[in-house]
2 protein chains.
Amino acid sequence: MNSMAPEAPDGALLPVPGLDYGVLDELLGYSLRRAQSALYLDFHRATASFDISPPRFAALVLVSRNAGLRQQQLAEAMGLHRSGALRLTDWLQERGWVERRADPADARAWGLHLTATGRAALRQLEQAVRAHDAALMHALGPTAGAMKSELERLARIANAAAQADQP
Amino acid sequence: MNSMAPEAPDGALLPVPGLDYGVLDELLGYSLRRAQSALYLDFHRATASFDISPPRFAALVLVSRNAGLRQQQLAEAMGLHRSGALRLTDWLQERGWVERRADPADARAWGLHLTATGRAALRQLEQAVRAHDAALMHALGPTAGAMKSELERLARIANAAAQADQP
DNA sequence: TATTGTTATACTCTATAACTATA
DNA sequence: TATAGTTATAGAGTATAACAATA
């Protein structure tokens, strides 16, 4: 294996015949985890020629579509602490894909911008990721669109539940 | 915050109004990621009084339902490298929830067993996790069962896609 | 030779805490 | 006083590689 991509799990999170999964088999959450694991492995396969990961890809897209984005905004968009957005930005900048420019409106902040190299990388990556996703939706068949909507609804429901007892 | 639970993400992976998500909004994979993020946060909230995480809970359930499980089998069931199963087992053993006993059939292997403390912890945890999951399924409404089946189908499809070009 | 487990190491992804500069 | 970013540190969750003991 000579890919430089981040380490993927060693194997699939598939039910092993003969093992008793107890409550796990009854949980919606565990089904979601199994699906997430499988999609992550396939994302990894589809982007194996790039040194990328889902959060790195998402950050690249967000910067490309929102030129001048600040690190704090990137953190909010990705559900991260600001220190996490900083590390992600460092990584993208080291690869020459993103640059920090002074923000004219606030001397504390950086505006993030794609470089020409970053735009070229994103063009290729986006094609690979779109193909990977389209293949999955095609294999799912006519219910794929409904599934995507239901996942969005589930995300809203679970976010509301998670925040219900936070201050 | 005085929970000892592992660090949860700082915030929700929710769409931020005014930001352009580009291709991300079109991807089934990103919808799944948003749902997974929200469920993870809610799992964390539901188990905040325990020092637990989804993989630790899954490992505890697997050991409880398959007494004498070997570390290698735990790794396979969870899609991990054997070194990951070792660390998970170390963690469960340090807390006194699981013990390693000599495997009578193979002197290289350990058989993993729940302790009385582990059984008591699992009883409480399983109750909290079941309640968390049932609340989500209830909020989803009559389509919840179908959603779970569709997630299982998606996992099978994506696993097949991921393995299609592996040797 | 192949398998089980261990040790040592490394990298990603996340956090917290204490700090600086600016608002 | 609050916010944007940085630095230093930590820990979970993964991996790889080299090793010992056993099959």
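Note that the structure is a prediction, hence the values are computed from the model and not measured. In what follows, chains carry the letters A, B, and so on, assigned in the order in which the sequence lines appear, proteins first and then strands, with residues in each chain numbered from 1.
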Is [X] close enough to [N] that one of its side-chain N or O atoms is under 4.0 Å from OP1 or OP2 there?
{"X": "B:Arg108", "N": "D:dA20", "value": "no"}
{"X": "B:Arg100", "N": "C:dG5", "value": "no"}
{"X": "B:Trp91", "N": "D:dG13", "value": "no"}

Cation-pi check, B:Arg34 onto B:Tyr21 ring (under 6.0 Å, within 45° of axis):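 Pair B:Arg34/B:Tyr21 counts as cation-pi.
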Sugar-phosphate, base or nothing in reach of A:Asp106, heavy atoms under 4.0 Å: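 Sugar-phosphate only.
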Connected via hydrophobic side-chain network under 4.5 Å: B:Phe43 and A:Leu151: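 Hydrophobic grouping puts B:Phe43 apart from A:Leu151.
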Expressed in angstrom and rounded to an integer, what is the separation of [X] atom [atom1] from [N] atom [atom2]?
{"X": "B:Arg95", "N": "D:dG11", "atom1": "CZ", "atom2": "C1'", "result": "12 Å"}
{"X": "B:His81", "N": "C:dG5", "atom1": "NE2", "atom2": "P", "result": "12 Å"}
{"X": "B:Arg87", "N": "C:dT4", "atom1": "CZ", "atom2": "P", "result": "20 Å"}
{"X": "A:Asp51", "N": "C:dT12", "atom1": "CG", "atom2": "P", "result": "8 Å"}
{"X": "A:Leu86", "N": "D:dT6", "atom1": "CG", "atom2": "C1'", "result": "6 Å"}
{"X": "A:Phe43", "N": "C:dT12", "atom1": "CZ", "atom2": "C1'", "result": "14 Å"}
{"X": "A:Arg56", "N": "C:dC13", "atom1": "CZ", "atom2": "C1'", "result": "9 Å"}
{"X": "A:Asp103", "N": "C:dA21", "atom1": "CG", "atom2": "P", "result": "19 Å"}

Closest non-hydrogen atom pair, B:Leu80 against B:Ala85: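 So the two residues come closest at CD1-N, 4.1 Å.
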Heavy-atom pair of closest approach, residues B:His132 and B:Leu39: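 Answer, listing the atom of B:His132 first, then B:Leu39: CE1-O, 3.9 Å.
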Of all the nucleotides listed ([options]), which has the minimum atom distance to the side chain of [X]?
{"X": "A:Arg82", "options": "D:dA18, D:dA15, D:dG5", "answer": "D:dG5"}
{"X": "A:Ala109", "options": "C:dT22, D:dA15, D:dG5", "answer": "D:dG5"}
{"X": "A:Pro55", "options": "C:dC13, C:dT6, D:dG5", "answer": "C:dC13"}

Salt bridge (Lys or Arg N to Asp or Glu O under 4.0 Å) evaluation trace for B:Arg70 with B:Asp106: CA-CA 10 Å; B:Arg70 286 178 289 117; B:Asp106 188 337; 5.4 Å; no
Spatial distance of atom CZ (A:Arg156) from atom CG (B:Leu14) [nearest 0.5 Å]: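 CG of B:Leu14 is found 10.0 Å from CZ of A:Arg156.
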Residue-level proximity of residues 64-80 of chain A to DNA chain D when a heavy atom falls under 4.0 Å: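 Contacting residues: A:Arg70, A:Gln71, A:Gln72.
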5'-most by nearest nucleotide on DNA chain D - A:Asp10 or A:Asp90: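 Closer to the 5' end of DNA chain D: A:Asp90.
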Earlier contact from the 5' end, DNA chain C, for A:Leu88 and B:Ser83: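 Of the two residues, B:Ser83 wins.
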Pairwise side-chain contact, B:Trp91 with B:Arg87, heavy-atom cut-off 4.5 Å (strictly under):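 No - every pair of side-chain heavy atoms lies 4.5 Å or more apart.
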